[in-house]
Amino acid sequence: MAVFRTLILLVAASLNFAAPTRAQNPGAQSSSSTSAAPEFDVISIKPAKPGATGTDSDFDNATFTARNVTLSKIMQYDAYGIPAPRIIGIPPALANAAFDIQAKMDPSDYARIQALGNDQRTEQLQQAIRRLLVECFKLALHNEQRELPVYALVVAKGGPKIQLSQKPDSDSTHSRTGEIKAESVTMERFANSLTRIPSTELGRIVIDKTGLTSKYDLTLKWTPDTGRPPMINGEPDTSAPSIFTAIQEQLGLKLESTKAPVSVLVIDHAELPAEN
């Protein structure tokens, strides 16, 4: 069915920059193709309000809404589901430029996606947002393996202190400043959660080298090096140790500094959305 597409792009001219000379076809990606992805019929992008704090994004029915998000944040949480250290080459002019985005797709497409299994549903919604980035930001990228400084999550002397999950099918992780609570997670999933915490804490990708293959329930609490500590009864809680000490004392694991080949997304080209 032919779709009449409306694209509304409200952008700030002060953010304009020269495109990298090595950029390839903006539609070319060596990661998941967007050729079969559902499309948004109406897209509105405008600069976030000056002084805006906080950031969020979500699908509500057939509408994707993102508030005060950077290109990196959209790629991390909405388009690819990977941590910031695995995204290489964000252009300087887009590094801190934040946007408010609203994008609507055909309700019938959204209903079809919602009827899929969880993994397929997530992939379809991600592909729709990838297409948005290609069309609006002219994003082009490719995958590479790079040798990067990482932290290896290993078992500490004395053995692990984590509990085997009593709910092997629950599979949930909740993170906030200074705390991670997880049910029925693999160590690979937990390592990914550590990678996603703010760069002021670790600043590196964490890879699982524990050799533990079961699913576990765990709680990790630490005092952040910077920023606001977690709150207890309305008061800042600074009693918890640093994240490195907490991982060893509370979980019987530890982080070891090393280097490892890591799959990363390298941005070949990205630009400020232009009126279309």
Side-chain angles (χ1 to χ4, degrees), residues 5 7 9 11 15-40 43 45 55 57 64 66 69-99 101 103 105 113 119-152 188-189 191-197 199 202-208 258-274 276:
R5 300 181 54 90
L7 182 62
L9 300 174
V11 297
L15 294 176
N16 196 22
F17 63 94
T21 56
R22 63 189 291 262
Q24 301 173 359
N25 179 351
Q29 300 184 47
S30 58
S31 57
S32 297
S33 170
T34 61
S35 59
E39 298 185 43
F40 292 110
I43 303 172
I45 302 179
T55 179
S57 59
F64 171 71
V69 293
T70 61
L71 175 60
S72 177
K73 290 291 186 185
I74 302 171
M75 293 179 68
Q76 289 176 62
Y77 296 104
D78 302 304
Y80 293 96
I82 62 173
R86 289 181 55 194
I87 300 173
I88 308 296
I90 294 285
L94 282 174
N96 298 309
F99 303 91
I101 301 174
M105 68 171 55
I113 293 171
D119 290 345
Q120 288 180 304
R121 180 168 62 249
T122 298
E123 176 65 16
Q124 284 281 291
L125 295 176
Q126 286 182 341
Q127 286 191 14
I129 297 170
R130 291 174 201 171
R131 182 183 290 274
L132 180 153
L133 296 181
V134 169
E135 293 183 355
C136 300
F137 291 84
K138 298 299 182 287
L139 178 67
L141 47 76
H142 66 276
N143 284 310
E144 280 188 13
Q145 288 281 328
R146 290 195 178 185
E147 190 87 2
L148 297 178
V150 301
Y151 285 118
E188 181 180 8
R189 173 87 176 265
N192 288 338
S193 296
L194 291 174
T195 299
R196 291 180 181 279
I197 66 175
S199 59
L202 295 176
R204 296 186 186 182
I205 293 168
V206 179
I207 58 175
D208 171 35
T258 185
K259 287 188 176 183
V262 176
S263 177
V264 298
L265 291 180
V266 181
I267 293 177
D268 300 311
H269 179 82
E271 62 185 56
L272 186 71
N276 188 336

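All values below were derived from every heavy atom in this structure, side-chain atoms included, with hydrogens, water molecules and symmetry-related copies excluded.
The two residues A260 and V150 have their closest heavy-atom pair at CB-CG2, 3.9 Å. Of all the heavy atoms in A66 and S57, the pair that sits closest is CB-CB, 3.8 Å. The two residues V264 and P85 have their closest heavy-atom pair at CG1-O, 4.4 Å.
Looking at L94, I88, I90 one by one, the single match for side-chain contact (heavy atoms from CB on, under 4.5 Å) with I267 turns out to be I90. Put simply, the residue from L132, L133, L139, T55 that forms a side-chain contact (heavy atoms from CB on, under 4.5 Å) with I74 is L133.
Between the R146 side chain and the S263 main chain, no donor and acceptor come within less than 3.5 Å of each other. With T70 contributing its side chain and A98 its backbone, the two residues share no donor-acceptor pair below 3.5 Å.
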Checklist entry - Are E135 and R130 close enough, and set up right, to give a salt bridge (Lys or Arg N to Asp or Glu O under 4.0 Å), and what steps lead you there? => result CA-CA 9 Å; E135 293 183 355; R130 291 174 201 171; over 6 Å; no
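Side-chain contact between N192 and P83: absent, with no pair of heavy atoms (C-beta onward) separated by less than 4.5 Å.
Between the side chains of S72 and Q76, at least one donor N or O sits under 3.5 Å from an acceptor N or O. Q120 and Q124 are not linked by any side-chain donor-acceptor pair at a separation below 3.5 angstrom, with hydrogens and angles left out of the test.
Atom CD1 in I205 sits 6.5 Å away from atom OG1 in T195 (nearest 0.5 Å).
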